[in-house]
Structures are given as C-alpha cells and as structure tokens.
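Single-structure report; data block below.
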Amino acid sequence: MKASQSTINDFFALTNTMFSIPVYQRNYTWAQTNCAKLLEDVVSIAKNEKTHFMGSITYILHFIDEENSLRKLQEFVIIDGQQRITTIMLLLKALETKTQDESIKDEISRLLSLSKGQKLRLKPIKRDREAFDLVMQNRWTEIQGKSHIKDNYKFFLKELDSYLLKGYGIEEIYGAFLRLKIVGIGLELGDDDPQVVFESINATGVQLTGLDLIRNYLMMGENSARQQELYETYWIPLEEWLGANVKHINEFILTYLRIYYEDKVREDEREIYYCLKALHREHFPDDIQALMSDMREYGRIYQVFLEGHQYGLEQPNATAQQLANLRRLVGILMKIKFGVAKPFVLCLARDFEARNFEEGRLDYENFYEILQILISYFVRRSVCGEPTPVLNKLLYSLYRDLGDEVSADGLKRYLGRQFGRAIFPNNERIKQAFATRNAYSLRNICKFILLEIEKLSNAEPPREDGLEVEHFYPQTATQEWRDMVGDYYAFEQDYCNNFGNLTLTGQNLKLGNKPYEEKIELMESNSSLHLNDYFINSTDSWGIDEVLARSEYLAQQFCQVAMFQDLPKEYRARGLSKSLDDDLTFHKFSSLTLPNGQKHFARNASHLAKAVIEYLLENAREAFESYTGDELPSYIYWDSTKAAARRRDGTLIVPFEKLGFYFVSNAALRDVGKNLKRLIEGCGLNPKEFIIE
C-alpha cells in the first residue's frame with residue numbers, strides 16, 4: 001500500500017494514467033448539496049489563498065496495454081472515492097466551458113484526457129458513461145431522462161455564473177481548485193488485500209448496503225476488462241432475471257446461502273455478506289468465477305418464485321404442460337407464504353433439470369408430488385395452528401436430511417416421523433381444528449382452502465381475484481341476527497370466524513349484514529359458487545349447531561382435495577408414538593402405555609412422572625428404593641424443605657408425600673423425560689417399554 005498527498009493538479013496530470021470506476025459500483029448519485037459544498041471550499045481557498053484537504057481516493061493499480069501502442073497505461077481502479085472523482089471532472093469541465101483563457105482550456109483538456117483529442121481519463125460505469133461522454137463533448141443538452149451527471153454539470157455552470165457576478169474570476173477559481181489536496185491510496189495486488197482495505201474504509205462514514213458489498217467482493221481485485229466480463233456474464237443476468245427490485249436480489253442471495261449454510265444464515269445484510277465470503281473460501285476456494293456461475297444457475301431457477309414469471313424451470317424431457325404444472329404449484333407455495341421452503345425447492349429444481357445428464361435425479365412425477373406434499377404440510381399446519389418458526393430448521397436442512405431419498409416417498413417417510421411442533425397433522429386433527437380454529441385470521445390460506453373445496457364440484461369457478469372471504473353471520477350483526485343464534489355472545493366470541501361461518505362471494509358489498517333470508521335469496525340468484533349451495537339447501541336457520549355441522553362438512557371436503565392429502569398410514573406407522581427412550585422435545589401426547597399394557601391419561605410432564613413412578617413403586621419397589629437410596633439421584637429429594645426451596649418458575653415438583661420423597665426436575669419435557677429414563681434404567685427396566693402417545 002502506498003499513500004501520498006498531492007494536489008488535484010498533480011494527481012490528475014499523471015502521465016499515461018486513466019481512472020476506471022468498477023462496473024459493480026453504484027451509479028453516480030452525488031446531490032447538488034455535495035456539489036455546492038465542493039465549490040464553496042474552492043472559493044474559500046481563492047479568498048484566503050490557503051489549501052484545503054478534500055479527502056482520499058483509494059485505487060487498485062493495474063497495467064493495461066494501450067490500443068495501437070507498445071506502451072502500457074496505468075489504470076487506477078477506484079474502490080473508494082468514485083463519487084468525488086466524477087464530481088471533480090464535472091467541475092473541471094464547467095471551468096473549461098466558462099473560461100476565455102485558451103491556455104487554461106488546454107490545461108484542463110490535459111487533465112480530462114490522456115492527451116488532447118484522445119480518450120478521457122475517467123471511465124465511468126456503463127450506466128453513467130453516455131451522459132458523462134456527452135458532457136465532455138459539450139453535448140449535455142442531448143442527455144435524455146434523469147441524470148445526476150447532467151444535473152450537477154448544469155448546477156456548476158449556473159453557480160460559476162453566480163460567482164462571476166459577485167466579482168470572482170474563472171482563472172481565480174481554477175487556480176484555487178488546483179490547490180485542493182487529496183491523498184491517493186494505491187493498492188497493489190499480491191501485496192495488499194483490496195477487500196480488507198475496502199471494508200475498513202466502509203466501516204466509517206455512510207456504509208454501503210449488503211448487496212453493494214457483495215458486488216464489490218465478487219469483482220474487486222480484477223482489472224476493468226475482467227470485471228466487465230464477470231459483470232456481463234454472471235451479474236447482469238441475475239439483475240435481468242430478478243428485475244430491478246433490489247429486494248428480489250437480496251432475497252435470492254439469502255435463499256442461495258441457505259442452501260449451503262441452512263439455518264445458520266441470519267437475515268442481516270452484513271452477516272449475509274460475511275457468509276458469502278465464507279462460502280467462497282470453503283466451497284469455491286480461489287475461484288470467484290465458479291462461485292458466480294453457481295449463483296447465476298440458481299438465480300435463473302429462482303425466477304420461478306417471482307409472481308408473473310413464466311421462467312425458471314427448464315427440462316428438455318418435460319412437456320410445456322408439465323413445466324406449467326410445476327410452476328403453478330411453486331406459485332401456490334409463494335401465495336400461501338411458505339417462503340421457508342425456497343432453498344429446498346431450488347435444490348429440487350436443480351436436480352430436476354440435471355436429470356437429463358445424471359442418472360437417478362428427480363423426475364417430473366416425484367417433483368410434482370413433493371410440491372403437493374409441501375403445500376399440504378403447510379396448509380394443514382396452518383389450519384391446526386402449529387407454530388411456523390420450527391419449520392426454519394426443518395426445511396433448511398431437509399435436502400441434506402433426505403440424502404439419497406430425495407423423492408416423494410422419502411419425503412413422506414421423513415415427515416411421517418416428525419412429532420411435536422414439526423408434526424404433519426392427520427385428518428382427525430384437521431376435523432377438530434375446523435370446528436374450533438379462527439379461520440378468518442388465516443387470510444390468504446383461508447381463501448385458498450375454500451376455493452380448492454369449491455373446485456371439487458365446480459370445474460369452472462369464478463376468477464380468484466374477484467372473490468372475497470365473507471362471513472355468513474356478519475361481523476357487525478344486527479339484533480335480528482343475534483336473536484336468531486340465541487347466545488350471540490358465545491357465537492361472536494367462538495364461532496363467528498370459524499370455517500363453518502365463512503364462505504366465498506363476489507357479492508361482499510351487497511351481502512353485508514343483511515338478514516338471513518335476504519342473504520339466502522341473493523346467493524340463490526347471484527352466486528355461481530357451489531360452496532354456497534350448502535346455505536341454500538341445507539339450512540333454514542343459523543346458529544352454533546349449524547356452524548359446527550358446516551365445519552364438519554367442510555373438513556370432509558378439505559380431506560378430499562388432492563393438494564391437501566394426509567400422509568398414508570403406512571408412513572406414520574413407526575412414528576405414532578414415542579417411548580421414554582426418545583427425546584421428547586416438543587412432543588405432544590395424551591396418554592402413557594406401561595409395560596403391563598395399562599394405559600394412563602397423561603397430558604403433561606407432571607402426569608407422566610406420577611404414572612411412571614407409581615408403576616415403579618408397584619412393580620419394582622425394591623429396586624426403586626435401592627437405587628434412590630444408594631445413588632441419591634439429583635431428581636429425587638427425600639427432604640421436603642430442600643424440595644420446597646427448588647419451587648420456582650421452570651421447576652417441576654411431583655410430591656409422593658406418603659412415601660416421604662419428591663420428584664424434582666427442570667420442567668422442560670425433554671429434561672423430565674431424561675430423568676425418568678435414568679430412573680427406569682436404575683430400576684433395571686427398559687424405558688422403550690413405556691410408550692407415550
């Protein structure tokens with residue numbers, strides 16, 4: 001690294017030196033307030049005849065062959081200071097335009113160009129280059145559209161006229177301008193790490209976004225020709241595929257990194273940047289092109305997640321209809337907000353596309369069924385109110401966990417083994433949830449479910465965007481409605497938002513809170529939805545019983561929708577229960593089956609501990625007393641005072657006061673299960689024979 005202080009004149013007059021703004025840098029964006037400050041500093045120097053330090057410019061030094069010449073040019077690839085250097089060039093051009101002194105015009109020309117009439121010293125990024133070149137050719141009025149380069153050059157012309165009216169001379173201002181001081185920080189590849197220097201510089205002042213840092217990292221250190229090649233071959237396609245919306249590119253990079261690092265990637269711009277650097281080191285060492293090629297390939301597929309795109313999946317053996325079917329299912333995943341599945345689906349899509357080249361990859365039938373299973377899994381969990389955060393860990397690692405079983409059959413086996421918070425709810429739980437769930441809070445999923453039920457009997461349902469979820473018993477009920485349902489308080493608290501009270505209609509504004517009979521008449525005369533035939537043909541009043549009856553009917557219909565199918569029983573057979581030999585984290589249960597076959601009600605950790613210990617006292621008392629007397633396990637207390645001292649939040653205490661001891665454990669089900677397992681084994685029994693369902 002070499003740092004040197006010099007004047008503007010000395011820095012820009014370096015022989016055979018040009019300045020390149022890297023292709024990955026942001027557009028020129030300096031506001032007129034920045035330009036005004038620069039010009040004010042120059043005028044201040046003119047008044048007091050002192051110098052002024054205006055900052056640093058950091059660059060990477062490259063040598064390039066000059067066209068039609070044997071000599072080499074110095075290329076300063078600017079990594080910090082590109083906004084400043086572009087503004088300096090615009091001010092120089094404005095001074096050249098305003099001066100009448102031909103010698104000054106010649107001096108400025110040599111600062112702006114390598115030599116008179118030859119190419120410009122500054123090479124902006126492509127998006128700014130046309131406007132910059134037109135300014136340098138005195139054709140700035142031809143610049144079309146919004147341009148900071150045009151606006152700031154025009155601003156300098158106007159401000160210089162203003163200073164002329166105040167009595168300043170252009171020669172005076174130009175002389176002061178040449179006395180501006182800058183520090184040039186030159187980095188040499190092999191000796192310096194440009195990225196480390198750049199990060200250090202960027203840690204102060206206005207920080208770049210994570211996306212800016214990533215672009216810089218991918219292409220920094222290459223000469224301008226190589227940068228251009230990488231940018232046009234790998235980065236521009238990403239921008240074209242994912243659109244101008246920076247949010248889409250950011251979300252893609254986050255999804256891409258989760259393919260490799262799963263749930264370890266945090267949604268923080270800086271963390272994503274550091275994660276990409278780690279990916280380069282660990283998976284694509286010393287090969288930035290391979291990393292960018294991998295990103296481009298996944299980025300092309302990622303289009304399938306974007307609304308309105310008909311691209312992102314290519315398979316020469318698949319028909320156009322098959323590809324459309326797959327895109328439709330992926331679109332549904334996005335519509336129901338199952339974005340956590342994106343890394344897994346990207347991996348599936350790449351396997352599907354590679355099937356033509358590698359034996360054993362994913363075929364259309366398996367891909368299609370897997371997408372249906374994912375939709376059913378998410379919708380069923382939403383209906384049953386299962387928490388979504390647990391899906392992060394499960395879905396991000398799913399492709400790796402399936403291993404050689406990346407197929408519909410393998411996925412069904414895998415999900416059939418899930419319990420507790422990750423469970424795949426079965427039809428029985430769906431029927432229970434339909435009777436009690438606040439379905440209106442599900443919004444898009446509720447509408448999606450009702451529309452899919454409609455499609456069971458209606459081959460040509462109305463367009464989805466013309467439908468709304470409607471309460472049959474209105475949200476703002478009249479007294480007439482309240483009189484009809486009887487206990488209206490209970491109805492409005494517990495049943496108004498129930499599936500049974502919701503339907504689809506395009507007549508939302510017309511139905512409103514009209515009386516029961518009017519709603520039935522409007523549905524009969526205006527609704528083409530078969531979903532509403534139930535109200536017309538199966539009711540003559542409305543209340544709690546009718547809502548529950550319709551909820552049961554809708555639950556049965558739900559279970560018939562192909563997209564919402566339950567897992568076949570054979571895939572659940574090995575996972576319907578757990579034993580005290582298993583990890584009980586997040587496991588939900590209602591009963592305990594003991595080794596003698598007796599089944600006990602057990603809905604929580606306290607019930608579980610009580611039933612197990614009572615069984616041990618009845619069937620292995622001697623072993624129990626020997627083990628707890630000799631070993632003094634930490635979870636058995638024979639002193640009531642010590643047990644009481646543990647009584648606080650997060651502690652489970654199950655008293656056996658007649659026998660003079662207490663079972664004391666951390667209340668987490670996992671810890672209770674571990675302690676009971678140790679106790680059972682201490683008594684010489686097998687914890688696998690204690691079955692929890």
Side-chain angles (χ1 to χ4, degrees), residues 233-234 236-238 240-243 248 251-252 255-256 258-260 283-284 289-336 338-378 395-415 452 455 459 561-565 567-568 571:
T233 306
Y234 301 106
I236 285 181
L238 281 180
E240 291 176 346
W241 291 329
L242 306 183
H248 289 158
E251 289 176 349
F252 158 67
T255 301
Y256 170 72
R258 281 179 171 155
I259 291 171
Y260 291 93
H283 294 268
F284 304 92
Q289 182 172 337
L291 170 59
M292 294 186 73
S293 176
D294 194 55
M295 289 177 66
R296 182 184 65 177
E297 194 58 26
Y298 278 113
R300 178 185 56 75
I301 300 170
Y302 190 86
Q303 294 174 91
V304 76
F305 297 122
L306 304 182
E307 187 176 357
H309 272 256
Q310 298 301 314
Y311 308 100
L313 281 175
E314 298 173 4
Q315 224 289 357
N317 295 329
T319 67
Q321 186 58 54
Q322 287 175 330
L323 294 177
N325 292 343
L326 294 172
R327 292 184 188 118
R328 179 178 63 85
L329 293 184
V330 172
I332 289 172
L333 285 173
M334 296 303 99
K335 182 172 67 176
I336 62 177
F338 198 18
V340 70
K342 286 197 287 189
F344 178 58
V345 174
L346 270 184
C347 292
L348 297 177
R350 195 155 186 184
D351 280 357
F352 171 68
E353 292 191 350
R355 188 169 179 267
N356 197 41
F357 308 101
E358 296 183 39
E359 201 62 38
R361 293 296 183 101
L362 198 64
D363 60 20
Y364 166 76
E365 288 75 17
N366 270 287
F367 195 6
Y368 186 87
E369 188 176 356
I370 286 174
L371 292 175
Q372 281 197 319
I373 293 167
L374 290 175
I375 292 169
S376 180
Y377 182 49
F378 187 74
L395 265 296
Y396 292 153
S397 64
L398 181 55
Y399 186 80
R400 174 175 55 82
D401 290 342
L402 289 177
D404 295 331
E405 287 193 291
V406 180
S407 63
D409 195 61
L411 180 60
K412 283 185 278 193
R413 272 197 297 273
Y414 182 84
L415 293 179
E452 290 304 310
K455 291 176 183 177
V561 175
M563 209 179 301
F564 303 149
Q565 288 300 295
L567 293 177
Y571 292 95

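Counting begins at 1 with the first residue of the sequence. Just so you know, these numbers use all the heavy atoms, side chains as well, and skip hydrogens, waters and symmetry mates. Please read these numbers as outputs of a predicted model, since none were measured by experiment.
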Give me the atom names and distance for the closest heavy-atom approach of [X] to [Y].
X	Y	value
Val345	Leu371	CG2-CD2, 4.2 Å
Pro343	Arg258	CG-CB, 3.9 Å
Leu242	Tyr302	CD2-CD2, 3.7 Å
Leu395	Tyr377	CD2-CE2, 4.4 Å
Asn366	Asp409	OD1-N, 4.4 Å
Ile301	Ala349	CG2-CB, 3.5 Å

Going through the checks in order, is the side chain to side chain contact (heavy atoms under 4.5 Å, CB included) test met by Phe344 and Leu374? CA-CA 10 Å; Phe344 178 58; Leu374 290 175; 3.9 Å; yes
How long is the span from the [atom1] atom in [X] to the [atom2] atom in [Y], to the nearest 0.5 Å?
X	Y	atom1	atom2	answer
Tyr571	Arg413	OH	CZ	6.5 Å
His248	Leu238	NE2	CG	13.5 Å
Phe252	Tyr298	CZ	OH	9.5 Å
Leu329	Lys335	CG	NZ	11.0 Å
Leu362	Leu348	CG	CG	6.0 Å
Glu251	Leu306	CD	CG	8.5 Å

Measure the shortest side-chain to side-chain distance between [X] and [Y] over non-hydrogen atoms and say whether it is less than 4.5 angstrom.
X	Y	value
Leu333	Phe305	no
Arg350	Glu297	yes
Tyr414	Asp401	yes
Lys412	Glu369	yes

Could you give me the CA-CA distance, side-chain angles and deciding distance for Glu452 and Phe564, then say whether side chain to side chain contact (heavy atoms under 4.5 Å, CB included) is met? CA-CA 9 Å; Glu452 290 304 310; Phe564 303 149; 3.8 Å; yes
Under 3.5 Å donor-acceptor, [X] side chain and [Y] backbone:
X	Y	value
Gln303	Gly299	no
Ser397	Arg400	no
Ser376	Gln565	yes

Can we say Glu353 and Arg300 salt-bridge, meaning some charged N sits less than 4.0 Å from an Asp/Glu carboxylate O?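 Yes, this pair counts.
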Would Leu346 and Val304 count as a side chain to side chain contact (heavy atoms under 4.5 Å, CB included) if you check the C-alpha gap in whole Å, the side-chain angles of each, and the deciding distance to 0.1 Å? CA-CA 9 Å; Leu346 270 184; Val304 76; 5.8 Å; no
Do the rings of Tyr368 and Tyr364 sit parallel, tilted or perpendicular, given the 30° and 60° boundaries?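 Rings of Tyr368 and Tyr364: tilted, as their planes differ by 30° to 60°.
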Classify the angle between the aromatic ring planes of Phe367 and Phe352 as parallel (below 30°), tilted (30 to 60°) or perpendicular (above 60°).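 Tilted.
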Side chains of Arg296 and Tyr234: is there a donor and an acceptor less than 3.5 Å apart?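 The criterion, which ignores hydrogens and geometry beyond distance, is not satisfied for Tyr234 and Arg296.
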Please evaluate residues Asp294 and Tyr260 with respect to the criterion side chain to side chain donor-acceptor pair (under 3.5 Å), reporting the C-alpha separation (whole Å), side-chain torsions for both, the decisive distance (0.1 Å), and the verdict. CA-CA 12 Å; Asp294 194 55; Tyr260 291 93; 2.5 Å; yes
Going through the distances and angles, do Ile332 and Met563 end up as a side chain to side chain contact (heavy atoms under 4.5 Å, CB included)? CA-CA 10 Å; Ile332 289 172; Met563 209 179 301; 3.7 Å; yes
